[in-house]
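Each remark here refers to the structure printed beneath this line.
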2 protein chains.
Amino acid sequence: MAGKNRGIIDLSSSLTDIWRVLSDVEREKLRGNARILHFKKNDLIYTEGETPKDLMCLFKGKVKIYKRGVGSRNHIIRILCPVHYFGYRAYFAREPHVSSASAFEPCTVCFLPMELIEQFLRKNGNLALFFIQMLSVDLGVADNRVVSLTQKHVRGRLAETLLLLKECYGLEEDGATINIYLAREDLANFSNMTTSNAIRTLSNFVNERIIAIDGRKIKIIDEERLIKVSRIG
Amino acid sequence: MAGKNRGIIDLSSSLTDIWRVLSDVEREKLRGNARILHFKKNDLIYTEGETPKDLMCLFKGKVKIYKRGVGSRNHIIRILCPVHYFGYRAYFAREPHVSSASAFEPCTVCFLPMELIEQFLRKNGNLALFFIQMLSVDLGVADNRVVSLTQKHVRGRLAETLLLLKECYGLEEDGATINIYLAREDLANFSNMTTSNAIRTLSNFVNERIIAIDGRKIKIIDEERLIKVSRIG
DNA sequence: CTATATTTGTGTTTTTAAACATAGTTATAT
DNA sequence: ATATAACTATGTTTAAAAACACAAATATAG
């Protein structure tokens, strides 16, 4: 795990979701145990097999959660934007991490000891519900995603990924360009296809005037079509 | 939702996991609100789009949780054996069911109102942890499964499924036959392949003396090989 | 700023799995 | 008990995606 520097950050405004459901005593205790780390582009935040110790909260930057697959093919499980919590599932399941997390771009992450969190949530029903809800939503997303990834064709999968990226990271000032700078390989690993297929399919979308590309920047020209392609393949 | 008859069943011995973490007051309240229903083979227990109302606990029988996919292709997300809880995820995520549950064979299911459960777990940290753990384990399983289903080849996926079935439902008295009676179509839907591919690949496994089949009954002859095939494809 | 490594783009070939067709078999309902 | 429907088995064809190859463009490190 790389990362350094203790930033001067207002926890109460950054950890909003959790902060809201904590008591004053809990807040104080948490404040004293929070560590804030910075990661450079491509830095590993945690990795498969590691023992989970902290609840992590992405304050700034973009993160991918991914798994080693067959051969050297990675699979991106999900992508994160601020403010989202991660890294806690494996702790609760009492098992090592089954995935890795790394920074797409420079990130600020807050680390909170899971032991403390577990201690709190045993007494604090709202905090417990907070985790139950996050896990429940993520499990629902996973259930839906597996059908898309296994049953849709390449075009449908890539279209879905582009829409997810837009959903997660939003658009730039032009109201069309997806606000993330991704290698074709990441696009492929998030869409269950080879890099060449991602490149080729992206080119096809350009020819069909569904998107426009400028290097790694992707502009959505015809969202209706993209949604349709995502649905029917 | 089909089902009938109020069975005479000892809740305390059947709901062991939850029962253990409840207070006496909670137990009494739950006892008064539990409904026990019986389902016939192939009966639907709940279905996609329905509003989740109950925590369900499988007392007896075998259940599949599945999703409608592209075209008429279903995807089996997971299979359940007694005693396992299900149907609560969507309630916690505050959304309709994204999956359906149906009975592989005659089943006994206990229904507990989710409102009551949520009310309890807000005060009862152990109950909250119980759900957090179940969700965390299931999410980890889902994360692993998606890589298998998307990256392994047909042989590897089917081998993995056979091993999962053995894990879940165990073996018959002969110590080799998997204790479940499944159509090839279900096998296919659980392994992300077409029915013909499930049939063909099963035949191949028979020719290779990895398994033996007698109608729908599958006997594992060479588990080592099956594990190897599951790993390397 | 330049050299080197990585990524992107395209064409071609090969492999894998789906789709289709059809016959035989087994369940199921009446 | 028999008719009907559903499932299983196998061969053949077609389509989709992976693998491979290589040139061009672009990042990145020193």
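Chain letters run A, B, ... following the sequence lines, proteins first, then strands; residues in each count from 1. If you're wondering where the values come from, they're calculated on a predicted model, not measured in any experiment.
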Quiz item: DNA chain D: B:Glu185 or A:Lys41, which has the more 5' nearest nucleotide?
Solution: B:Glu185
Quiz prompt | Nearest-Å distance for atom pair CG/C1', residues A:Asn204 and C:dG9 | solution = 12 Å
Quiz prompt | Modelled atom types, side-chain donor and acceptor of B:Asn204 and B:Thr201, under 3.5 Å | solution = no
Self-check item: Length of the CZ-P vector between B:Arg216 and C:dT25, whole Å
Solution: 17 Å
Quiz item: Quick one: are A:Ile213 and A:Val206 in side-chain contact, heavy atoms under 4.5 Å?
Solution: yes
Name every donor-acceptor pair, under 3.5 Å, that has one atom in a side chain of residues 81-91 of chain B and the other anywhere in the protein, sequence neighbours excluded.
residue: B:His84; atom: ND1; partner: B:Cys81; partner atom: O; Å: 2.9
residue: B:Tyr85; atom: OH; partner: B:Leu15; partner atom: O; Å: 3.3
residue: B:Tyr85; atom: OH; partner: B:Ile18; partner atom: N; Å: 3.4
residue: B:Arg89; atom: NH1; partner: A:Ser136; partner atom: O; Å: 2.7
residue: B:Arg89; atom: NH1; partner: B:Glu95; partner atom: OE2; Å: 2.9
residue: B:Arg89; atom: NH2; partner: B:Glu95; partner atom: OE2; Å: 2.7
residue: B:Tyr91; atom: OH; partner: B:Glu118; partner atom: OE1; Å: 3.3

Quiz item: Going by atom types only, do A:Glu160 and A:Ser148 share a side-chain donor-acceptor pair under 3.5 Å?
Solution: yes
Quiz item: After noting the C-alpha distance and the side-chain angles of A:Ile221 and A:Ile210, does the key distance pass the side-chain contact (heavy atoms from CB on, under 4.5 Å) rule?
Solution: CA-CA 5 Å; A:Ile221 305 287; A:Ile210 297 173; over 6 Å; no
Exercise. Determine whether the side chains of A:Arg145 and A:Asn192 contain a donor N or O and an acceptor N or O closer than 3.5 Å.
Key: no
Exercise. Please list, chain by chain and in numerical order, all residues satisfying ring-ring contact (aromatic ring centres under 6.0 Å, His included) with B:His97, sequence neighbours excluded.
Key: B:Tyr46
Quiz prompt | Evaluation steps, side-chain contact (heavy atoms from CB on, under 4.5 Å), between B:Val154 and B:Arg200 | solution = CA-CA 10 Å; B:Val154 163; B:Arg200 203 183 307 269; over 6 Å; no
Exercise. Apply salt bridge (Lys or Arg N to Asp or Glu O under 4.0 Å) to A:Arg184 and list each qualifying residue two or more places apart in sequence or on a separate chain.
Key: none
Quiz item: For B:Arg94, does the CZ atom sit with more than 12 other heavy atoms under 6.0 Å from it, leaving out its own atoms?
Solution: yes
Quiz item: Does anything in residues 186-203 of chain A reach DNA chain C, meaning a heavy atom under 4.0 Å, and if so which residues?
Solution: A:Ile199, A:Arg200, A:Ser203
Practice problem: Return the value, rounded to whole Å, for the distance between atom CZ of B:Arg184 and atom P of C:dA27. | Solution: 11 Å
Exercise. Name the first nucleotide and the last nucleotide along DNA chain D (5' to 3') that come under 4.0 Å of a heavy atom in chain B.
Key: D:dC7 to D:dT12
Exercise. Give me the bend of the helix from C:dC1-D:dG30 to C:dT30-D:dA1, using the axes of the five pairs at each end, rounded to 10°.
Key: 70°
